[in-house]
Colleague: 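Following this message is one structure expressed as structure tokens.
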Number of protein chains: 2
Amino acid sequence: MAERASSGPPRGRRRGSPDTRSAILAAARSSFAEHGFAGTTIRAVAASAGVDAALVHHYFGTKDELFLAALELPVDPRKLIAPAVAGPVEQAAERFLGVFLTAWDDPDIRPSLVAVARGIMDPAANRLLSEGVLPVVIEPIGVALGIDRPAERMPLVASQVIGLILMRYVLVVEPLASMPRDRVIATYAPTIQRYLTGDLP
Amino acid sequence: MAERASSGPPRGRRRGSPDTRSAILAAARSSFAEHGFAGTTIRAVAASAGVDAALVHHYFGTKDELFLAALELPVDPRKLIAPAVAGPVEQAAERFLGVFLTAWDDPDIRPSLVAVARGIMDPAANRLLSEGVLPVVIEPIGVALGIDRPAERMPLVASQVIGLILMRYVLVVEPLASMPRDRVIATYAPTIQRYLTGDLP
DNA sequence: GTCTATAAATCGATAGAC
DNA sequence: GTCTATCGATTTATAGAC
């Protein structure tokens with residue numbers, strides 16, 4: 001009864017208790033974000049999720065696989081940054097910073113992003129930036145914006161955004177950590193806009 | 001014979017083989033830089049230095065103390081950045097970037113700096129930035145330069161420099177990693193100069 | 001599915017011989 | 001000064017009962 005018809009992609013819950021699985025995943029994200037990869041123990045993740053350590057292995061296999069699973073963002077970054085590329089390129093920096101801060105200020109996805117940031121720093125998984133974040137998130141923005149030499153300019157943008165993210169959200173350095181969103185945008189927009197469309201040597 | 005006379009401060013080698021001690025320290029720096037704090041084991045450091053693990057404890061005590069010893073830079077950062085504060089504030093950004101890149105491009109001190117950068121990222125030791133690098137290295141520059149609201153502007157400078165350092169030296173992302181020194185300075189100097197002396201919201 | 005029990009390896013740190 | 005030996009605690013991971 002109430003079985004799904006055979007139309008559309010397979011939706012609905014997978015086998016196993018999805019609550020338990022996602023609880024483990026959420027606990028893993030928090031731990032990876034707070035203690036890094038090496039500083040996270042399977043036992044602590046299990047305890048934080050209220051389950052046994054063996055269950056973590058049952059769902060995710062090794063610690064590495066759990067880490068990769070925890071890095072899967074709950075939202076598609078490409079969808080998130082779509083508003084940044086829609087509009088005149090002259091105000092692209094403000095829109096870009098806006099969607100970025102919106103994502104990072106969302107308490108639902110910030111832990112995942114912090115985990116990604118820390119994972120990038122961990123030598124055990126730092127192909128993540130060069131093979132992941134940069135080509136699938138950052139560079140397509142430059143291409144979509146139609147800017148000049150995107151492969152050259154977007155890393156400049158990334159260098160400033162990563163530094164800001166690090167100081168404001170990961171290391172929580174004042175006064176950046178407590179600075180209002182609009183002020184952050186107004187402060188950094190000229191820098192980003194110059195990297196996007198300004199004169200470069 | 002040939003013993004030192006009792007004049008002047010105690011110079012010369014301390015007790016113990018200085019080669020062994022510095023070999024341990026060098027191995028510790030490499031390991032901390034490559035594997036982070038939690039990913040570094042005393043045993044691996046000892047093996048890399050060609051000595052026994054117990055000897056590491058003998059010289060440096062606990063793992064934390066070894067970490068702090070490994071972070072001791074071979075040069076005094078304050079001396080290094082002295083040229084950056086001497087001169088007109090209008091070109092401070094160029095001088096600032098110059099001394100920074102000079103230090104990071106020096107193969108003798110880059111491993112230590114990479115270790116510091118990774119140590120900052122490790123949650124187990126991230127008081128290092130807020131209690132170490134920022135107040136003793138970054139902020140004094142702003143004070144010495146006599147800029148307006150240094151506690152507010154220097155974190156902005158730090159956010160861009162850290163992002164640049166991360167992309168160019170730690171993550172080795174192109175084209176920043178291979179960009180000539182002068183071009184890096186020309187690219188980032190306007191940003192830094194604005195954070196130092198420009199108009200902010 | 002979930003847990004107990006435990007194997008097997010590795011860790012930091014100490015004591016003590018030489 | 002340097003190393004052997006080892007303790008005690010933790011870790012990942014597996015085997016198997018319920």
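Values reported hereafter were calculated over all heavy atoms of this structure, with side chains retained and with hydrogens, waters and symmetry mates removed. Order of the sequence lines fixes the chain letters, A, B, ..., with proteins taken first and strands second; residue numbering starts at 1 for each chain.
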Colleague: Calculate the interatomic distance between B:R43 atom CZ and D:dT11 atom P; express it in whole Å.
Modeller: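 In whole Å, D:dT11 P and B:R43 CZ are 16 Å from each other.
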Colleague: Choose from C:dA13, D:dT2, D:dA13 the nucleotide whose nearest atom is closest to any side-chain atom of B:T62.
Modeller: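 Nearest to the side chain of B:T62 among the choices is C:dA13.
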Colleague: Locate the shortest heavy-atom distance separating A:V114 from A:A33; write the atom from each residue and the value.
Modeller: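 Nearest pair, atom of A:V114 first, then A:A33: CG1-CB, 3.6 Å.
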Colleague: What integer distance in Å separates A:L66:CG from D:dT11:C1'?
Modeller: 15 Å
Colleague: Name the closest nucleotide to the A:L55 side chain, picking from C:dT2, D:dA15, D:dC3.
Modeller: C:dT2
Colleague: State, to 0.1 Å, how close B:M167 and B:L176 come at their nearest heavy-atom pair, and which atoms those are.
Modeller: CB-CD1, 3.7 Å
Colleague: What nucleotide among D:dA15, C:dC11, D:dT4 has an atom nearest to a side-chain atom of B:A54?
Modeller: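 So the side chain of B:A54 is nearest to D:dT4.
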Colleague: What's the closest nucleotide to the side chain of B:I42 if the choices are C:dG12, D:dT2, D:dC3?
Modeller: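 The closest nucleotide is C:dG12.
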Colleague: Side chain of B:V51 only, heavy atoms from C-beta on: which candidate in D:dC3, D:dT2, C:dT2 is closest?
Modeller: D:dC3
Colleague: Nearest whole angstrom, please: distance from the P of D:dG1 to the CD1 of B:I24.
Modeller: 13 Å
Colleague: May I have the distance from B:H58 (atom NE2) to C:dA15 (atom P), rounded to whole angstrom?
Modeller: 14 Å
Colleague: Do the side chain of B:E139 and the main chain of B:P155 share a donor and acceptor less than 3.5 angstrom apart?
Modeller: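 No, B:E139 side chain to B:P155 backbone: no donor-acceptor pair under 3.5 Å.
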Colleague: Please confirm whether the backbone N or O of B:P88 pairs with a side-chain atom of B:R95, one donor and one acceptor, at under 3.5 Å?
Modeller: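 Yes: the side chain of B:R95 pairs with the backbone of B:P88.
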Colleague: Passes side-chain contact (heavy atoms from CB on, under 4.5 Å), B:F60 versus B:L68? Steps please.
Modeller: CA-CA 10 Å; B:F60 298 98; B:L68 292 178; over 6 Å; no
Colleague: Out of D:dA13, C:dG12, D:dG1, which has the shortest distance to the side chain of A:K63?
Modeller: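 Per side-chain heavy atoms of A:K63, the pick is D:dA13.
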Colleague: Rounded to whole angstroms, how far apart are CG on A:D52 and P on D:dC18?
Modeller: 16 Å
Colleague: How close or far is atom C1' of C:dG12 from atom OH of B:Y59, stated in whole angstroms?
Modeller: 20 Å
Colleague: Send over the distance from B:R21 CZ to D:dT2 C1', rounded to a whole Å.
Modeller: 16 Å
Colleague: To the side chain of B:H57, which of D:dT4, C:dT2, C:dG12 is closest?
Modeller: C:dG12
Colleague: Select one nucleotide: of D:dT11, C:dG1, D:dC3, the one nearest the side-chain heavy atoms of A:T41.
Modeller: D:dT11
Colleague: Output yes when at least one side-chain N/O atom of A:T20 is less than 4.0 Å from OP1 or OP2 of C:dG1, else no.
Modeller: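 Looking at the OP1 and OP2 atoms of C:dG1, neither is under 4.0 Å from any side-chain N or O of A:T20.
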